[in-house]
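What follows is a structure written as structure tokens; I'll ask about it next.
FYI, the numbering just counts along the sequence from 1.
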Amino acid sequence: MNKIKMTTPLVEMDGDEMTRVLWKMIKEELLLPYIDLKTEYYDLGLENRNATDDSVTVESAKATLKHKVAVKCATITPNGARMKEYNLKEMWKSPNGTIRAILDGTVFRSPILVKGIVPYVKNWTKPITIARHAYGDVYKNAEIKISGPGRAELVFTAKDGTQTRELIHEFNGTGILQGIHNTEDSIRSFAKSCFAYAIDTKQDLWFSTKDTISKKYDHTFKDIFQEIYENEYQAKFEALGITYFYTLIDDAVARVIRSEGGFIWACKNYDGDVMSDMVATAYGDLSMMTSVLVSPEGAYEYEAAHGTVQRHYYKHLKGEETSTNSIATIFAWTGALRKRGELDGNGELEAFAEKLEKACIKTVEDGKMTKSLSLISTCEHPVILNSLEFIRAIRETLEGLLESA
């Protein structure tokens, strides 16, 4: 067959450990035989980030703003042990955090549904997408340990020197303090990304905070979402027959558990962190969870929701066989290829992305899978494949779909 042509490159961000190994397999087995692949390549492996003083991460994010579509491999966020293992100059920041900040983006995570992998919440028959605000709250906090009695106050000093004060607590003994913040600009970007993604995917949008308790902090989120919806998006939502719905976070949890799924659930930063793991686990496996970072200006960066699969990588280095599920990483590529095709008017590329996703799902539903999937599948006699065998089984299924088309 003739390879599918591309006119505009994807930004390709390579990564670390076992996912880097899978990345190469996916390209060689599932992409390069079928696509005249055009990418602007950036090596975000920890060694190269260290060698470039992490400038490569900044460059890749700027390239994403330019080309509008990126695909990213999982990367290491170093801790003390990694500092020693990789002989790092310093403890470099999370690449995802750096990219999110430059794109001013919102993270959307959604499960990949496969027959035979039954959610723990049995009525969840459609995917629930978590939209997580990726700025502020406890992730940008300031903390103090209180050594004894005293007064704690929240103080804001304006540029003209005037001060606003709010009593936090009169301590009679030891304790702890935490200060968090957010900005209206960031909240507006979050809201616009959520509304735009709902329109893009034609799904209802839910948003939840605890504004009854947090009457200024959380209420500001609620007010900004409502204002932007009414002024910019309500008519578009109504034209598509989708809805925007606000409720308290505790009510939202109850509604989500009772629902069938099929909507976007927008959460503040910490809520989204917790709820995305809850949703992923309830659907079966974090390795079957996609993630896309969307900027308010319409730049998209696709990746798997899981990490670098460190344990399998160490086995791989010893020459031992691994059985690593590559589906979420494959779906990162298909998401980026589909969006690239959509933006460029390249129907062939969009159709290929759809077929590759169908091939992944059909392969598992036909009983061919990795070890981790076999542990949560209802398939009675699964064929357990190693990492490369699984990718080649997907290729065989893909060939059949392409021939039948």
Side-chain angles (χ1 to χ4, degrees), residues 71 105-134 193-208 237 240-245 247 249 252-267 271-294 300-306 325-339 342 350 353-365 369 372-373 376-378 394:
V71 58
T106 297
V107 178
F108 297 88
R109 288 187 166 182
S110 185
I112 301 163
L113 302 189
V114 176
K115 290 175 186 174
I117 298 177
V118 182
Y120 291 102
V121 183
K122 299 296 188 289
N123 47 286
W124 284 3
T125 57
K126 299 176 183 176
I128 296 169
T129 299
I130 297 288
R132 175 187 170 189
H133 187 208
S193 292
C194 290
F195 288 124
Y197 194 74
I199 289 169
D200 193 29
T201 59
K202 299 178 178 61
Q203 294 185 89
D204 292 343
L205 175 65
W206 298 14
F207 178 51
S208 58
F237 268 56
L240 288 171
I242 58 176
T243 59
Y244 167 62
F245 174 72
T247 190
I249 182 71
V253 170
R255 288 173 180 265
V256 166
I257 294 298
R258 293 195 303 266
S259 77
E260 64 176 7
F263 54 86
I264 300 165
W265 181 11
C267 297
D271 295 342
D273 191 1
V274 175
M275 294 305 170
S276 62
D277 277 3
M278 183 271 286
V279 167
T281 303
Y283 274 108
D285 193 340
L286 188 60
S287 69
M288 296 290 283
M289 198 83 171
T290 65
S291 181
V292 55
L293 176 68
V294 183
Y300 294 76
E301 181 248 292
Y302 295 83
E303 63 179 317
H306 59 72
N325 181 12
S326 52
I327 285 183
T329 304
I330 296 169
F331 269 61
W333 274 102
T334 57
L337 291 169
R338 184 189 297 105
K339 180 56 68 174
E342 178 189 318
E350 288 185 83
E354 292 288 342
K355 284 186 176 63
L356 181 49
E357 289 183 358
K358 287 179 181 177
C360 291
I361 292 168
K362 188 175 188 306
T363 300
V364 176
E365 291 179 348
M369 61 192 75
S372 63
L373 288 178
I376 58 173
S377 172
T378 59
I394 292 170

Checklist entry - So, do Val256 and Trp206 sit near enough that their side-chain heavy atoms are less than 4.5 Å apart? => result yes
Checklist entry - Side chains of Thr290 and Phe108: closer than 4.5 Å at any heavy-atom pair? => result no
Checklist entry - Do Ile376 and Tyr283 come close enough that some side-chain heavy atom pair is under 4.5 Å? => result no
Next on the checklist: Tell me which one of Lys355, Lys358, Glu357 satisfies side-chain contact (heavy atoms from CB on, under 4.5 Å) with Thr334.
Outcome noted: Glu357
Checklist entry - What closest approach, in Å, do Glu365 and Lys115 show between heavy atoms, and which atom pair accounts for it? => result OE2-N, 2.9 Å
Checklist entry - If you measure from OH on Tyr302 to OG1 on Thr329, what distance do you get to the nearest 0.5 Å? => result 15.5 Å
Next on the checklist: Can a donor-acceptor pair be found, under 3.5 Å and without considering hydrogens, that links the side chain of Glu301 to the backbone of Leu293?
Outcome noted: no
Checklist entry - Are Ile327 and Ser287 close enough that some pair of their side-chain heavy atoms sits under 4.5 Å apart? => result no
Checklist entry - Would you find a donor on one side and an acceptor on the other, under 3.5 Å apart, between the side chain of Thr201 and the backbone of Tyr197? => result yes
Checklist entry - Of the non-hydrogen atoms in Ile330 and Cys360, which two are nearest, and what is the gap between them? => result CG2-SG, 3.6 Å
Checklist entry - side-chain contact (heavy atoms from CB on, under 4.5 Å) between Val114 and Ile361: does it pass, once the steps are laid out? => result CA-CA 6 Å; Val114 176; Ile361 292 168; 4.2 Å; yes
Next on the checklist: So which atom in Asn325 and which in His306 form the shortest heavy-atom distance, rounded to 0.1 Å?
Outcome noted: O-NE2, 4.4 Å
Next on the checklist: For a salt bridge (Lys or Arg N to Asp or Glu O under 4.0 Å) check, start with the C-alpha distance between Lys339 and Glu342, then their side-chain angles and the critical distance, and finish with the verdict.
Outcome noted: CA-CA 5 Å; Lys339 180 56 68 174; Glu342 178 189 318; 3.2 Å; yes
Item to check | Heavy-atom closest pair, residues Ser259 and Ile128 | outcome: OG-CD1, 4.3 Å
Next on the checklist: Taking the six-membered ring for Trp, are Tyr244 and Phe237 closer than 6.0 Å centroid to centroid?
Outcome noted: no
Next on the checklist: For Ser208 and Trp265, which I'm curious about, is there any donor-acceptor pair between the side chains at under 3.5 Å?
Outcome noted: yes
Checklist entry - To the nearest 0.5 Å, how far apart are CG in Leu240 and NZ in Lys202? => result 6.0 Å
Item to check | Side-chain (Ser276) to main-chain (Asp273) donor-acceptor, under 3.5 angstrom | outcome: yes
Checklist entry - Would you say the side chain of Val364 lies within less than 4.5 Å of the side chain of Ser377, judging by non-hydrogen atoms? => result no
Next on the checklist: Is any side-chain heavy atom of Ser291 closer than 4.5 Å to one of Arg109?
Outcome noted: yes
Item to check | Donor-acceptor pair, side chain of Asn123 and main chain of Ile257, under 3.5 angstrom | outcome: yes
Checklist outcome for this item: For Thr106 and Ser193, the nearest pair of non-hydrogen atoms, with its separation, is OG1-CB, 3.5 Å
Item to check | Heavy-atom check, side chain of Met278 versus side chain of Ile130, under 4.5 Å | outcome: no
Next on the checklist: Ignoring hydrogens, what is the shortest heavy-atom contact between Ile394 and Thr363? Give both atom names and the distance.
Outcome noted: CA-OG1, 3.5 Å
Next on the checklist: Just so I know, are the side chains of Leu205 and Phe195 near enough to count as touching, which here means a heavy-atom distance under 4.5 Å?
Outcome noted: yes
Next on the checklist: With rounding to the nearest 0.5 angstrom, report the CZ to CE distance, Phe331 to Met288.
Outcome noted: 7.0 Å
